Amino acid sequence: MPGCTTGSRKRCRMEALLAVSALLAAGLPVTGSSSPLEDVVIERYYIPNVCAREVQTGDFVRYHYNGTFTDGKKFDSSHDRGTPFIGQVGFGRLITGMDRGIQGMCVSERRRVTVPPHLAYGSLGAANVIPPDTVLVFDLVLLDIWNQEDKVETQTLSKPESCVRTVQQSDFVRYHYNGTLLDGTPFDSSHSRKHTYDTYVGQGYLIQGMEDGLLGMCVGERRTIIIPPFLAYGEKGYGTAIPPQASLMFDVLLVDLHNPKDDIVVENQVVPESCGRKSVVGDYIRYHYNGTFLDGSLFDSSYQRNSTYNTYIGMGYVIPGVDRALQGVCIGEKRRITVPPHMAYGENGSGDIVPGSAVLVFDIHVIDFHNPKDTVDVRVTHKPEECNLTTAADDLIQYRYNCSLLDGTLLYSSDHFEEPPETILGASRVIEGLEEGLRGMCVGERRVVIVPPHLGHGEKGVDNVPGSAVLRFELEVTRIQKGVPDGYLFVWLGDSPEPLYQAMDLNKDEEVPLEEFSEFIKMQVANGKGRLRPGEDPDGIIKNMFENQDRNKDGKIVAEELKLKADEDNEKLRHEEL
């Protein structure tokens with residue numbers, strides 16, 4: 001080795017050993033001459049399939065070696081010391097034979113380099129280790145190669161078709177990685193810990209090479225990042241895992257990306273043509289959603305539960321990002337919401353479902369919303385030219401209907417029955433909102449009636465109607481039978497006969513049994529002078545009326561019983577229709 005002809009033997013020996021290590025990094029075959037050797041002889045007995053680069057003059061190399069004489073006797077070994085040799089090629093820092101023998105070598109390549117004495121330690125030898133004029137044999141395996149001019153090298157292995165944004169300085173990233181040395185020796189893996197590495201970029205939390213290598217990555221992108229030692233852990237290395245002057249190779253998958261200054265991002269995917277009103281703070285909303293991370297993996301879905309998510313808007317019942325994004329939506333709208341972690345679950349995440357510092361993406365479909373102060377919304381879609389008789393309280397009406405959710409899901413229809421349904425308005429036989437929507441209609445009129453849940457089936461719902469659902473009714477009245485006031489069984493449509501008892505006593509025998517009373521009442525109804533309560537059995541109603549007038553329960557009504565009587569509190573008795 002140059003410089004070893006003088007000085008201590010110990011120093012020469014160390015320099016010689018270091019020089020030998022450096023020679024092993026070459027990859028170019030060199031043919032030697034006949035004995036005595038004039039040049040190094042190289043035997044490449046393992047060459048990797050992939051060789052990204054070969055050793056050149058000026059490169060730094062790290063390699064293991066065994067040094068032997070031609071008879072096989074070992075004189076030195078980096079393996080025995082457990083520490084690879086590190087040196088620079090081509091500047092006289094190695095013996096000449098090693099400088100030549102390591103040229104062109106690939107990482108992980110194994111070669112045997114035979115060095116003649118004049119390219120090793122010549123006629124002087126090296127202390128007591130290497131005799132004069134000795135041929136040396138080195139078995140080398142190259143572990144690493146780098147140059148002071150190297151920069152971080154990146155190679156994209158896969159990349160998503162869509163890339164909205166890429167990593168920039170001051171971004172916060174979450175990524176998985178496998179870390180190896182250049183020869184493939186693993187030293188660390190986030191996958192084995194089952195947790196991403198989460199950090200800021202460009203703020204000194206990472207080695208410089210990783211800072212540079214992450215820039216420009218898309219979420220979902222996978223790339224290889226090769227970092228030279230001076231941009232990694234340099235001369236000191238890191239613990240026992242990363243040796244000094246080691247180049248590092250990372251297989252990186254970017255999982256997440258955001259900036260602390262990010263706001264929510266709302267993408268309107270489907271907006272209905274018609275939007276009666278938009279949601280505001282204080283509304284109660286029902287919506288379906290799929291929740292995913294930026295890499296597209298699903299973490300929650302209302303569809304899987306077959307139940308909408310129901311909540312108030314702008315009142316802090318959901319994460320801030322979603323709370324804001326639900327304001328200003330239309331019923332039926334579909335939108336995508338990207339929520340940065342500081343407007344979602346922050347650094348702590350949510351249990352085992354959402355990791356810390358995760359950006360969340362929600363695909364939302366608004367089913368309906370209402371306000372607790374909402375009233376019934378009635379829209380007339382068709383009204384006959386003649387509309388004199390309209391529905392009112394106590395009327396018996398027949399009507400057709402379709403009942404659906406606001407997203408168009410049909411719940412019930414009168415078309416499913418042989419006859420249209422009937423109801424008496426004011427008798428609490430239908431939900432309050434439908435009752436209100438049916439009032440004031442004439443036969444043939446059609447309406448669309450929107451009923452908020454507090455006037456429908458409330459928070460619990462019923463049968464096929466989900467809780468807190470706004471209902472949409474398409475209504476048409478097909479028949480109206482005018483009713484009588486609540487608490488009455490019969491009313492006169494004009495003045496009653498005078499005197500009433502004489503008109504009722506058809507055979508003039510001064511007593512009116514049930515048969516005679518029934519005949520009289522039916523005559524009044526037939527002649528349009530009176531009206532029985534609709535929707536009930538006429539004979540039953542008449543019998544009830546008769547029993548109310550037959551005060552002594554002797555089976556007949558006399559003139560005295562027809563007079564109104566008062567109870568102990570002087571209040572009128574019920575059902576005194578006549």
Side-chain angles (χ1 to χ4, degrees), residues 21-22 24-25 27 48-56 58-64 78 82-89 102 105-110 140-159 167 169 171 173-217 221-255:
S21 307
L24 297 173
N49 293 328
V50 178
C51 183
R53 64 186 287 184
E54 298 175 345
V55 175
Q56 298 178 5
D59 286 340
F60 287 84
V61 291
R62 189 165 56 86
Y63 59 89
H64 266 305
S78 65
T83 303
F85 177 79
I86 301 171
Q88 190 175 19
V89 178
I102 204 168
M105 200 170 182
C106 304
V107 171
S108 295
E109 180 180 342
R110 295 176 181 269
L140 308 177
V141 55
L142 186 63
L143 304 178
D144 203 342
I145 175 175
W146 58 279
N147 194 288
Q148 201 65 46
E149 302 299 321
D150 286 348
K151 295 181 174 58
V152 173
E153 181 182 341
T154 64
Q155 179 183 1
T156 298
L157 305 177
S158 63
K159 192 172 184 178
V167 177
Q169 299 285 0
D171 283 342
V173 295
R174 297 193 308 119
Y175 61 92
H176 271 301
Y177 68 89
N178 288 317
T180 64
L181 305 179
L182 278 194
D183 65 348
T185 303
F187 61 82
D188 193 17
S189 173
S190 65
H191 295 282
S192 63
R193 293 191 298 274
K194 298 181 180 179
H195 192 286
T196 55
Y197 192 84
D198 308 341
T199 189
Y200 286 95
V201 176
Q203 298 189 22
Y205 294 107
L206 294 167
I207 57 175
Q208 185 60 51
M210 185 60 82
E211 298 263 15
D212 297 342
L214 290 171
L215 293 176
M217 283 192 79
E221 180 179 344
R222 184 182 169 193
R223 65 168 54 168
T224 297
I225 302 174
I226 300 176
I227 304 173
F230 56 88
L231 295 176
Y233 294 99
E235 296 179 358
K236 295 183 178 180
Y238 188 84
T240 58
I242 300 175
Q245 300 291 30
S247 300
L248 306 182
M249 178 181 291
F250 291 92
D251 186 340
V252 175
L253 172 64
L254 188 62
V255 173

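For clarity, every value in this text was computed on a predicted model and none was experimentally measured.
- In this structure, CG in Leu206 is found 9.5 Å from CD in Gln208, a value given to the nearest 0.5 Å.
- Minimum interatomic distance between Ser247 and Pro229 (heavy atoms only, all atoms of both residues): OG-CD, 3.4 Å.
- Pairing each heavy atom of Leu254 with each of Arg174, the nearest pair is CD1-O, 3.7 Å.
- To the nearest 0.5 Å, the span separating CG on Asp171 from CG on Leu214 amounts to 10.5 Å.
- Taking the six-membered ring where tryptophan is involved, the planes of Tyr200 and Tyr205 are tilted, since the angle between them lies from 30° to 60°.
- A 4.5 Å side-chain heavy-atom check between Val141 and Asp183 finds every atom pair outside the cut-off.
- Counting heavy atoms from C-beta on, the side chains of Val173 and Thr199 come closer than 4.5 Å.
- Remark: Tyr238 OH is loosely packed, at most 12 non-hydrogen atoms of other residues, nucleotides or ligands lying under 6.0 Å away.
- With respect to the salt-bridge test (charged N to carboxylate O, under 4.0 angstrom), the residues Lys151 and Asp212 do not qualify.
- With hydrogens and angles disregarded, no donor-acceptor distance shorter than 3.5 Å links the side chain of Glu54 to the backbone of Cys106.
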Arg53 vs Asp150, side-chain contact (heavy atoms from CB on, under 4.5 Å): CA-CA, chis, key distance, verdict: CA-CA 12 Å; Arg53 64 186 287 184; Asp150 286 348; 2.8 Å; yes
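- Separating the OH atom in Tyr197 from the CZ atom in Phe250 is a distance of 9.5 Å, to the nearest 0.5 Å.
- Taking the side chain as every heavy atom from C-beta outward, Gln56 and Val89 never approach each other to under 4.5 Å.
- For Glu235, the side-chain contact (heavy atoms from CB on, under 4.5 Å) partners at least two apart in sequence or on another chain are Gln245.
- Of all the heavy atoms in Asn147 and Phe230, the pair that sits closest is O-CE2, 3.4 Å.
- Between Val107 and Leu143, every side-chain heavy-atom pair lies at or beyond the 4.5 Å cut-off.
- In this structure, the separation between CD1 on Ile225 and CE on Met249 is 11.0 Å, given to the nearest 0.5 Å.
- Few gaps surround CZ on Arg223; more than 12 heavy atoms of other groups in view lie less than 6.0 Å from it.
- Between atom OG1 of residue Thr156 and atom CZ of residue Arg222 there is a gap of 11.5 Å, rounded to the nearest 0.5 Å.
- We find the CG-OG distance between Asp251 and Ser190 to be 9.5 Å, quoted to the nearest 0.5 Å.
- The side-chain heavy atoms of Ile207 and Leu248, taken from C-beta on, include a pair separated by under 4.5 Å.
- Side-chain contact check for Ile242 versus Asp188: every heavy-atom pair is 4.5 Å or farther apart.
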Working note: Val201 + Gln169, criterion side-chain contact (heavy atoms from CB on, under 4.5 Å); need CA distance, chi angles, decisive distance, verdict. CA-CA 5 Å; Val201 176; Gln169 299 285 0; 4.3 Å; yes
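- With hydrogens and angles disregarded, no donor-acceptor distance shorter than 3.5 Å links the side chain of Glu221 to the backbone of Lys159.
- Considering every non-hydrogen atom in both Thr180 and Pro186, the closest pair reads CG2-CA, 3.8 Å.
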Working for side-chain contact (heavy atoms from CB on, under 4.5 Å), residues Leu182 and Ile226: CA-CA 8 Å; Leu182 278 194; Ile226 300 176; 4.0 Å; yes
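- With contacts defined as side-chain heavy-atom distances shorter than 4.5 Å, the pair Asp144/Phe60 does not qualify.
- Take His191 and apply the side-chain contact (heavy atoms from CB on, under 4.5 Å) test, not counting sequence neighbours, and it matches His176, Asn178, Ser189.
- Between Met210 and Tyr175, some side-chain heavy-atom pair lies under the 4.5 Å cut-off.
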